[in-house]
Participant: 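The structure is given below, and queries will be raised subsequently.
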Protein chains: 2
Amino acid sequence: MSNEHNESLTLETNAFEYFEAAKDRFLPGISADAVILGYDGQHIKVLLLKAQVDDIWMLPGGFIEKEYDLDIAVHRIVKARTGLEELYFQQFKLFGKSDRNAHKQEHLKKFQELSSAAHEWVNQRFITVGYFALVHIEDVEPKPDLFTDICEWVALDQIPPLILDHQEIIDAALTNLRRQLNYLPVGINLLPERFTMSQFQNLYEEILKQKLDRGNFQRKMLKLDILIRHEKLKSGGAHKAPYLYEFDKEKYHEKVRNGIGFI
Amino acid sequence: MSNEHNESLTLETNAFEYFEAAKDRFLPGISADAVILGYDGQHIKVLLLKAQVDDIWMLPGGFIEKEYDLDIAVHRIVKARTGLEELYFQQFKLFGKSDRNAHKQEHLKKFQELSSAAHEWVNQRFITVGYFALVHIEDVEPKPDLFTDICEWVALDQIPPLILDHQEIIDAALTNLRRQLNYLPVGINLLPERFTMSQFQNLYEEILKQKLDRGNFQRKMLKLDILIRHEKLKSGGAHKAPYLYEFDKEKYHEKVRNGIGFI
DNA sequence: ACTCATTGTGTTCATTTGACAAAATAAGGG
DNA sequence: CCCTTATTTTGTCAAATGAACACAATGAGT
């Protein structure tokens with residue numbers, strides 16, 4: 001086992017090598033950041049990383065390999081943090097303000113001893129493309145990357161100060177998600193295999209930040225004819241046990257294709 | 001007046017200089033393309049350019065100045081082609097396929113004698129960010145750019161073969177436009193100051209590619225309370241003259257802010 | 001004055017929405 | 001074991017919306 005000092009050394013060595021090789025491996029001046037969203041039955045959460053060299057938090061991100069499509073690079077980034085091979089993700093915006101890495105140099109002062117090639121790489125102007133991903137939170141094993149020591153789920157109302165414009169990126173992702181909510185397969189990608197109607201409704205209430213009528217929500221979803229009703233929930237709650245539901249995936253995706261209409 | 005040979009020489013000299021200076025002026029590896037849309041009372045049209053050196057058509061586009069925001073570069077591009085200072089435009093997607101400039105080298109073979117710096121610029125991998133703009137077609141004076149000799153409005157169903165993935169970019173713009181139609185100020189940006197209800201309806205039918213019920217459309221729009229009714233249309237048509245309408249801009253934008261609900 | 005294509009307004013019926021109430025159900029406490 | 005309680009499920013009903021169609025008004029041309 002390595003002690004902290006060794007780990008730190010290893011990190012910096014790797015970071016040096018990483019930035020050194022970046023110019024040859026990656027497209028210049030562009031990065032990708034992923035807003036990875038999960039739902040634990042109570043709240044929407046986003047996967048965040050904490051930098052080793054500072055107390056600052058950030059979104060998972062990375063660069064684009066010269067020989068691959070944009071989507072492939074993003075898939076690699078999300079897979080590396082979550083362990084998930086199959087996932088739903090979608091591009092939503094390119095962030096191109098000219099001053100968006102103004103604060104980065106502050107954060108990267110710890111890397112002053114970078115070679116000039118590496119220094120040049122980290123100090124160029126970056127534009128970044130924002131993606132959001134919807135994942136089953138219980139299937140994820142969060143893994144930090146080269147520059148971070150913590151990777152964990154954070155509820156949307158408990159997000160700490162983030163690097164650069166990452167808070168803005170999260171906000172834009174959520175706005176985008178809300179606008180697409182009518183034709184986006186958000187349920188099938190965020191809920192576990194089997195779920196109660198309350199969980200389903202709460203998911204929409206979390207995203208929309210507004211209460212919905214219980215009876216009306218239930219009737220509407222059942223009428224869509226996309227749910228399979230199973231037997232009763234096991235014990236646990238001290239009240240009437242609800243049914244467990246499961247998506248009829250064929251019918252569900254058929255509805256999504258026709259673009260209508262959950263809310 | 002210069003003859004064609006001279007113009008061609010001038011073009012190539014400028015193109016040389018342009019590409020030569022590009023590395024210093026612009027961000028590497030990224031371009032912007034604009035789907036500029038207008039409505040002539042009959043059809044949605046898109047502003048296209050025809051290359052001088054080939055019979056290939058393309059979207060207006062350009063590169064991003066190193067010191068400016070993305071949006072500023074796009075505004076400059078659209079303003080240069082249309083002459084418009086104020087306009088509505090919106091980013092909709094970043095196109096990042098690794099093979100998206102595969103055909104470009106074919107098209108640019110005419111520029112073989114470029115200096116190595118210029119050659120390196122045009123042959124790098126480009127990702128491009130797609131924007132769409134909504135403009136008043138009657139206010140536009142189409143102007144070709146350095147590399148093109150024709151700049152004109154083309155109806156959507158008469159688009160010739162386009163360079164690279166530009167057709168895909170147009171399709172994506174229209175899909176995006178349709179999805180936002182409920183909360184997008186499309187009418188105020190595409191229709192002339194005064195318009196008839198038929199024109200207004202036809203605009204939506206063009207975008208949606210589907211017929212709408214005349215009576216219902218009219219009643220719905222009037223009920224939104226965003227229109228000012230003027231006196232009768234002058235002569236011309238051989239039938240009942242329709243009213244002319246104008247947007248009550250304050251009320252219109254108020255509705256747009258609240259996000260509801262044209263269709 | 002009459003025709004006619006088009007515009008503006010009405011009517012009708014089915015469907016959806018919103019708000020609320022009632023019935024059903026399981027767990028826990030006496 | 002019966003009753004309470006919290007929660008789920010289904011029901012009701014008035015109001016709003018949507019879709020399809022009908023009819024009246026208008027103004028240019030014959």
Participant: Between B/Met197 (CE) and C/dT9 (P), how many Å, whole number?
Facilitator: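 Between P of C/dT9 and CE of B/Met197: 9 Å.
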
Participant: Would you list the pairs meeting side chain to side chain donor-acceptor pair (under 3.5 Å) in which at least one residue belongs to residues 129-142 of chain A, sequence neighbours left out?
Facilitator: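 Qualifying pairs, neighbours excluded: A/Asp71-A/Tyr131.
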
Participant: Measure up the B/Phe217 and B/Phe200 rings against each other and bin them: parallel (under 30°), tilted (30 to 60°), perpendicular (over 60°).
Facilitator: perpendicular

Participant: Write down the distance between CE (A/Met221) and P (D/dT8), rounded to a whole number of angstrom.
Facilitator: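 Result: 16 Å.
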
Participant: What's the CD-P distance between B/Gln218 and D/dA25, to the nearest Å?
Facilitator: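 Value for this atom pair: 16 Å.
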
Participant: For B/Gln42, is there any backbone N or O sitting under 3.5 Å from a side-chain donor or acceptor partner on B/Asp40?
Facilitator: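 Yes.
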
Participant: Can you check the A/Phe217 CZ to D/dT10 C1' distance for me, whole Å?
Facilitator: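 It works out to 16 Å between those atoms.
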
Participant: Please report the C-alpha distance between A/Asp165 and A/Lys97 in whole Å, then the side-chain angles of each, then the deciding distance to 0.1 Å, and finally whether the salt bridge (charged side-chain N to carboxylate O under 4.0 Å, His left out) criterion is met.
Facilitator: CA-CA 10 Å; A/Asp165 53 357; A/Lys97 291 245 178 81; over 6 Å; no

Participant: So for A/Lys240 and C/dT25, does any side-chain atom that can act as donor or acceptor lie under 3.5 Å from a complementary atom in the base?
Facilitator: no

Participant: Should the pair B/Phe247 and B/Tyr252 be assigned to parallel (<30°), tilted (30 to 60°) or perpendicular (>60°) ring geometry?
Facilitator: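 The rings of B/Phe247 and B/Tyr252 stand perpendicular, inter-plane angle above 60°.
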
Participant: So, is A/Ser198 close to the D/dT7 phosphate, meaning a side-chain N or O under 4.0 Å from OP1 or OP2?
Facilitator: no

Participant: In whole angstrom, give the distance that lies between atom NZ of A/Lys223 and atom C1' of C/dT16.
Facilitator: 7 Å

Participant: Which sits closer to the 5' end of DNA chain C, A/Asp213 or B/Arg219, going by the nucleotide each is nearest to?
Facilitator: B/Arg219

Participant: Taking for each residue the nucleotide of DNA chain D bearing the nearest heavy atom, is the 5' side occupied by B/Asn216 or by A/Tyr245?
Facilitator: A/Tyr245

Participant: Nearest-Å distance, CD (B/Glu231) to P (D/dT26)?
Facilitator: 13 Å

Participant: Do B/Asp69 side-chain atoms and B/Ile72 backbone N/O form a donor-acceptor pair below 3.5 Å?
Facilitator: no

Participant: May I ask you to verify if any side-chain N or O of A/Lys220 is less than 4.0 angstrom from the OP1 or OP2 atom of C/dT16?
Facilitator: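 Checking C/dT16 against A/Lys220, no side-chain N or O comes under 4.0 Å of OP1 or OP2.
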
Participant: Estimate the overall bend of the helix from C/dA1-D/dT30 to C/dG30-D/dC1 from the end axes over five pairs each, rounded to 10 degrees.
Facilitator: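 Angle reported: 10°, given to the nearest ten degrees.
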
Participant: Just how far, in rounded Å, is C1' of D/dG11 from CZ of A/Arg214?
Facilitator: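 Value for this atom pair: 13 Å.
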
Participant: Under 4.0 Å between a Lys/Arg side-chain N and an Asp/Glu carboxylate O for B/Glu254 and B/Lys251?
Facilitator: no

Participant: To the nearest Å, give me how far apart CG (B/Leu222) and C1' (C/dT9) are.
Facilitator: 10 Å

